[in-house]
Amino acid sequence: MLNETEVKKERAVLAGLAAASMDAAERSSDVSMEELAALVETAGGETVAMLIQQRPTPDPRSFLGDGKVRELKELIEANDCDLAVFDNELSPSQMRVLGEELGVKVLDRSGLILDIFAQRARTREGQLQVELAQYQYLLPRLTGMWTHLVRQTASGGSSPIGTRGPGETQLETDRRHIRRKIQKLEEELGEVRRVRGTQRRRREKNAMPMVCLVGYTNAGKSTLLNCLTGADIPANDRLFDTLDTTTRRLKIDETTEILLSDTVGFIRKLPTHLIEAFKATLEELSYADVLLHVIDLSNPEWEEQARIVDELIVQLGAESTPRLRVFNKCDRYFGILPHGEDVVCISAKSGEGADALTGKLSELLGRGKRSVTLHIPYAQAGLMDLLQREAAVTDTEYTDEGIVARVVVPAALFGRVKGFIPGYVEPKEDWE
């Protein structure tokens, strides 16, 4: 007997289209369909069947051809499905037509991702972002919801008596209501960004570098954050397990402490309005001092996944931020491991390679930094304020002559303090 609290899983049939007229990135493939099945599982459903159609262009009315729609309906009836999920973006009218013809709820990839986001968001900020994305998704689809009032349009193009005013009025009322909601949510998210900006300025003042974990969904970012910081963030083998940004402190060497931030995973065919809605979380990327691009080396598609993440980083304006490529799950890879100056191979689960990663990170953040001892006369004691803000002061001693400070200074500050290094001689150029 089923436990009363056990929820019956919705049974889903998946459909995709690989049309010659589509961009290569938009076409459905075996890989994108497998990913869609994983998304259905993450949403709490169960995939029972899937089909892909090849044709020159999408059908403007029903997206798939009539024959494939009939085949899909037969699959739904034979497998007792509750849901049809499309791997591609459907127009509002296509979604309505398919819903009528298939007799079950129809979702496209964007709608499914939004549903997962709505389940996963925990903080107020995450919930605001999801709500905004949902309203932006819903707005163009409102018209289809009201077509039942004008379905019997006369040949002259006019609507039957009794359906002209109220339907249109209700539609416009709904549109205005949703636009007002979108505006209010954008204002609230603007406030979230303002607060984040204040926190970021405080971090900059405290000279604490910001390092962001980015990567394809399910690459192991949360596991890596747990491994490095000892945090106890849930890290499950499912897509989009992390939606709300988690930040932890991490000491990477004797002088440097960083803030390490986990972010939402990227995915192929991520809807534009989702990127827009999540800017408040993802904007951390453009302010980060270093990005750790986590790549699941055990995934046969890792190169394509890495390319998608690189493209999204450019979209978010963070392409100039220094980046380390962190190849995760190396213990499950058989072959020659990737190598290079800004490449690290690790296993976040076992901790193997974690020291090498923090070493590389320390080196990257320390490029151009120098560890020096300064003798600062009391007349110039104001310099200590600047050092506290923009350098790492490791030790301070007050003597009769002045302040002796041991400091790690960044390259940009070295010119201002070199005169306080006892016996410092400017190095000569080769030609001198």
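All heavy atoms count here, side chains included; hydrogens, waters and symmetry mates do not.
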Verdict with reasoning, R70 to E74, per salt bridge (charged side-chain N to carboxylate O under 4.0 Å, His left out): CA-CA 6 Å; R70 281 195 298 276; E74 285 166 13; over 6 Å; no
Between [Y] and [X], is there a salt bridge with N-O shorter than 4.0 Å?
X    : Y    : value
E35  : R109 : yes
E341 : K360 : no
K184 : E188 : yes

Among all residues two or more places apart in sequence or in another chain, which pass the side-chain contact (heavy atoms from CB on, under 4.5 Å) test with R61? D59, D66, V97, E101
Beyond-backbone contact of [X] with [Y], side-chain heavy atoms, under 4.5 angstrom:
X    : Y    : result
V69  : L98  : yes
N328 : I346 : yes
F86  : L107 : no
T396 : I403 : yes
R27  : L17  : no
I295 : Q305 : no
T373 : I421 : no
L324 : V211 : no

Under 3.5 Å donor-acceptor, [X] side chain and [Y] backbone:
X    : Y    : answer
D115 : G111 : no
S347 : C330 : no
R248 : L225 : no
D289 : M210 : yes
K68  : Q54  : no
D108 : L90  : yes
S28  : G16  : no
R11  : V48  : no
D262 : T247 : no
D296 : S298 : yes

Gap separating the [atom1] atom of [X] from the [atom2] atom of [Y], nearest 0.5 angstrom:
X    : Y    : atom1 : atom2 : answer
Y135 : E186 : OH    : CD    : 13.5 Å
L64  : Q94  : CG    : CD    : 9.0 Å
E41  : I116 : CD    : CD1   : 10.5 Å
Y333 : N299 : OH    : CG    : 12.0 Å
S362 : I258 : OG    : CD1   : 9.5 Å
Q134 : K181 : CD    : NZ    : 11.0 Å

CA sep, side-chain torsions, deciding dist, call: V290, T321, side-chain contact (heavy atoms from CB on, under 4.5 Å): CA-CA 6 Å; V290 175; T321 307; 5.6 Å; no
Answer yes or no: does atom CG of D395 have more than 12 heavy-atom neighbours from other residues, nucleotides or ligands under 6.0 Å? yes
Within a reach of under 6.0 Å around CZ of R55, are more than 12 heavy atoms found that belong to other residues, nucleotides or ligands? yes
Which heavy atom in [X] sits nearest to a heavy atom in [Y], and how many Å separate them?
X    : Y    : value
N79  : A49  : ND2-CB, 4.3 Å
H375 : P422 : CD2-CG, 3.3 Å
C227 : G351 : SG-CA, 3.8 Å
A84  : I76  : CB-CD1, 4.3 Å
M22  : E26  : SD-O, 4.1 Å
G220 : A348 : O-CB, 4.4 Å

Is there a side-chain contact (heavy atoms from CB on, under 4.5 Å) between L51 and E71? Walk through the geometry before answering. CA-CA 9 Å; L51 62 82; E71 190 181 328; 4.1 Å; yes
Could you check, using the six-membered ring where one of them is a Trp, whether Y216 and W302 have ring centers closer than 6.0 angstrom? no
Salt bridge (Lys or Arg N to Asp or Glu O under 4.0 Å): pairs with one or both residues in residues 210-225, sequence neighbours excluded: none
Would you mind telling me which of T47, V31, V85 makes a side-chain contact (heavy atoms from CB on, under 4.5 Å) with L36? V85
Given salt bridge (charged side-chain N to carboxylate O under 4.0 Å, His left out), test R325 with D310 step by step and report yes or no. CA-CA 11 Å; R325 280 191 152 204; D310 287 337; 3.0 Å; yes
What do the steps show when you test V393 against Q388 for side-chain contact (heavy atoms from CB on, under 4.5 Å), and what is the final call? CA-CA 6 Å; V393 180; Q388 295 286 1; 4.1 Å; yes
Hey, mind stepping through V294 and V214 against side-chain contact (heavy atoms from CB on, under 4.5 Å) and telling me if it holds? CA-CA 6 Å; V294 183; V214 297; over 6 Å; no
Does E304 have any side-chain hydrogen bond (donor to acceptor under 3.5 Å, both in side chains) partners at least two apart in sequence or in another chain, and if so, which? R307
